[in-house]
Trainee: 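A single structure is presented below for examination.
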Amino acid sequence: MSRKIAGFLIVLGAFMVFEWVNLVFNLADGHPTAFYVVHGILAAVNVVLGIVLVLIGWRGLRKVPVA
């Protein structure tokens, strides 16, 4: 994996985590319970995917030999 792709994965994963955590904190009141359940599940899955992307990018960044 190139350094460019590894960096992209780190940035993308960090953005996903930031964006979904921000969405959870900004949900307005007044929605039905199902709305919160669905968005809570979406947020949890996307935060986990973001963390996985960051870890893959970090591992790829460490394994690239410096020329």
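Computed over heavy atoms, backbone and side chain alike; hydrogens, waters and symmetry mates excluded.
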Trainee: Taking all non-hydrogen atoms of both residues, which atom of A6 and which atom of L61 are closest, and how far apart?
Mentor: CB-N, 3.7 Å

Trainee: In terms of hydrophobic clusters joined by side-chain contacts under 4.5 Å, are F15 and F25 together?
Mentor: no

Trainee: Report yes if the side chains of V45 and W20 come closer than 4.5 Å at any heavy-atom pair, otherwise no.
Mentor: no

Trainee: Membership question, hydrophobic clusters at under 4.5 Å side-chain separation (ILVMFWY): are V54 and F8 in the same one?
Mentor: no

Trainee: Crowded around Y36 OH? As in, over 12 foreign heavy atoms under 6.0 Å?
Mentor: yes

Trainee: Can you find a pair of side-chain heavy atoms, one from M16 and one from V47, that are under 4.5 Å apart?
Mentor: no

Trainee: Closer than 3.5 angstrom, by distance alone: can the side chain of N26 be matched with the main-chain N or O of N22 as a donor-acceptor pair?
Mentor: yes

Trainee: Look at the side-chain heavy atoms of Ile, Leu, Val, Met, Phe, Trp and Tyr, link any pair under 4.5 Å apart, and say whether L42 and V21 land in one connected group.
Mentor: yes

Trainee: Going by the angle between their ring planes, with limits at 30° and 60°, are H31 and F35 parallel, tilted or perpendicular?
Mentor: parallel

Trainee: Is it true that I56 and I5 fall in one hydrophobic cluster, defined by side-chain heavy atoms closer than 4.5 Å?
Mentor: yes

Trainee: As a test of understanding, state which of L55, V48, L53, L49 forms a side chain to side chain contact (heavy atoms under 4.5 Å, CB included) with I51.
Mentor: L55

